[in-house]
Number of protein chains: 2
Amino acid sequence: MERKSSDRKARAPSGAAVQKIELTEALYRALFFEWAEHGFSALSLERVAARAGAGKAAIYRRWPGKLQFADEAVNALGLKMAAFGDKGSLEADIRAFHRRLRIVFRHPVVRKILPDIYAEAARSDEMKAISDRVAQTRRDEAKKVIDRAISRGELPEAIDRDIALDFLPSSIYWRMVVIKSSLSEAQLRLHAQGTTAALKSLW
Amino acid sequence: MERKSSDRKARAPSGAAVQKIELTEALYRALFFEWAEHGFSALSLERVAARAGAGKAAIYRRWPGKLQFADEAVNALGLKMAAFGDKGSLEADIRAFHRRLRIVFRHPVVRKILPDIYAEAARSDEMKAISDRVAQTRRDEAKKVIDRAISRGELPEAIDRDIALDFLPSSIYWRMVVIKSSLSEAQLRLHAQGTTAALKSLW
DNA sequence: TGTGGTTGAGACGTTACCGTTCCATTCATA
DNA sequence: TATGAATGGAACGGTAACGTCTCAACCACA
């Protein structure tokens with residue numbers, strides 16, 4: 001998103017200095033470190049700027065406030081889950097889904113920031129929007145997994161999709177983000193096995 | 001916990017005024033409201049005192065700091081899950097477990113504070129201790145459910161208990177606290193059904 | 001009823017962050 | 001190379017919370 005830089009460029013076709021991309025990225029990095037360290041609500045843009053070796057104007061020129069800054073930073077981080085194709089069976093699909101989740105949840109910064117996003121989403125509509133956007137690709141992939149299983153005949157047409165979508169990520173999220181345990185390859189297999197059984201039992 | 005009031009009383013056997021319990025409880029209530037509203041890291045004891053209609057000394061005389069205050073408040077809230085006896089089958093036990101979870105997760109304040117506790121637990125050891133203590137009774141009940149199922153022969157002796165304990169609360173937590181959806185009686189039944197199937201598939 | 005210790009509420013100085021403004025520097029264009 | 005717009009960093013006044021301290025009110029006991 002260069003939303004605002006491009007706005008400005010359009011307004012200034014003649015000679016002009018441009019925002020340094022490297023500083024923008026340094027600001028993103030500093031934001032995430034501070035976020036992980038203090039949580040969003042206690043996040044100080046002053047500290048972020050200092051950590052990035054910049055002045056506060058560098059932030060306020062780029063973004064109108066903390067939320068928009070965080071919003072674009074989250075987008076830039078690419079918290080999105082990588083898509084994947086049909087793995088041939090529900091259990092294989094779920095294993096692939098869990099493995100993608102694990103990749104995301106393994107980032108130490110993600111593990112710290114994600115519960116914070118959810119906590120803050122309970123308080124602010126803007127953060128709710130951010131959290132929804134983060135969840136979007138995950139939910140989309142989960143839906144595809146369910147749909148494929150139905151068309152394979154592994155799950156009944158009439159399955160309660162809401163509940164099915166509850167089961168897909170929950171055990172991994174619980175273990176890795178809430179409890180903060182690691183997840184070995186063998187345990188990942190067992191989680192996929194259990195989740196598959198849970199889904200197949202839903203009718 | 002009257003930890004410190006009793007200390008003081010012991011040191012002052014002669015005539016003395018005593019901390020008013022009603023004010024202490026008003027402070028707890030104010031703490032929770034402010035906590036839910038601003039999150040722990042942005043929690044201001046000044047606001048808590050004001051909300052309780054008290055001065056700040058009322059807080060600082062009772063507790064050395066925010067964390068200890070929160071610690072005792074959480075204990076006083078009784079976030080502990082109610083114990084329950086053998087319901088005759090694994091699925092019935094799980095349903096009872098989920099129902100107890102639902103009671104706790106339905107409190108609007110709990111729903112806001114719980115993710116915040118977990119987020120903060122990733123940053124501070126003291127909050128980690130609080131969160132562990134909150135989780136204690138839940139984990140104990142979960143273990144009992146597993147043990148009973150094993151002795152009934154519904155689960156194998158060699159079941160991976162870690163994973164089993166992951167599955168027991170995770171889908172309910174995910175739905176009610178992370179996603180913030182409600183959970184109807186029928187959905188609760190399906191969650192128990194799915195969780196039971198997941199556990200039985202783990203060997 | 002008087003006395004002594006403890007209480008609750010508010011005031012105080014300090015620190016940290018907010019969001020804005022200022023100014024020298026930098027860079028794309030002419 | 002000269003120009004001028006937009007930049008980056010720092011300084012500014014204002015606000016809010018911190019943790020401490022003071023002091024009048026209160027309460028249990030003698």
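By convention in this document, chain letters (A, B, ...) are assigned in the order of the sequence lines, proteins followed by strands, and residues within each chain are numbered from 1.
The distance from atom CD of B:Gln68 to atom P of D:dG19 is 11 Å, rounded to the nearest whole Å. A straight line from CH2 of B:Trp63 to C1' of D:dC18 spans 17 Å, rounded to a whole angstrom. The NE2-P distance, from B:His38 to D:dA16, rounds to 12 Å in whole Å. Rounding to whole angstrom units, OH of residue A:Tyr60 and C1' of C:dC17 are separated by 8 Å. If you take CZ of A:Arg62 and C1' of D:dG8, they are 9 Å apart, rounded to a whole angstrom. For the pair A:Arg51 CZ and C:dC17 P, the computed distance is 13 Å after rounding to whole Å. Distance B:Ile21 CD1 to C:dT7 P: 13 Å, rounded to the nearest Å. The interatomic distance linking A:Ile59 (CD1) with D:dT7 (P) rounds to 15 Å, in whole Å.
In terms of heavy atoms, A:Leu27 sits closest to A:Ala58 at CD1-O, 4.0 Å.
OP1 or OP2 of D:dA16 has not a single side-chain nitrogen or oxygen of B:Ser44 nearer than 4.0 Å.
Using a 4.0 Å heavy-atom distance criterion, B:Ala54 is classed as a sugar-phosphate-only contact. Counting any heavy atom pair closer than 4.0 Å across all strands shown, B:Gly53 reaches sugar-phosphate atoms only and no base atom. B:Leu43 comes within contact range of the sugar-phosphate backbone alone, with a heavy-atom separation under 4.0 Å but no base atom that close.
You'll find that the side chain of A:Ala57 is closest to C:dT21, out of C:dT21, C:dT7, C:dA11. In the set D:dA17, C:dC18, D:dG9, D:dA17 carries the atom at the smallest distance from any side-chain atom of B:Arg47. Side chain of B:Arg61, nearest nucleotide from C:dT7, D:dG8, D:dA17: C:dT7. Ranking D:dA11, D:dG8, C:dT7 by closeness to the A:Lys56 side chain, first place goes to D:dA11. Which of C:dC18, D:dC18, C:dC22 sits closest to the side chain of B:Leu45 comes down to D:dC18.
A salt bridge does not link A:Asp93 with A:Lys87: every distance from a Lys NZ or Arg NE/NH1/NH2 to an Asp or Glu carboxylate oxygen is 4.0 Å or more. Remark: A:Lys112 does not engage A:Asp116 in a salt bridge, criterion side-chain N to carboxylate O under 4.0 Å.
For A:Trp63 and A:Tyr28, the distance between ring centers is under 6.0 angstrom.
Residues A:Gln187 and A:Ser184 bring a donor and an acceptor atom of their side chains to less than 3.5 Å of each other.
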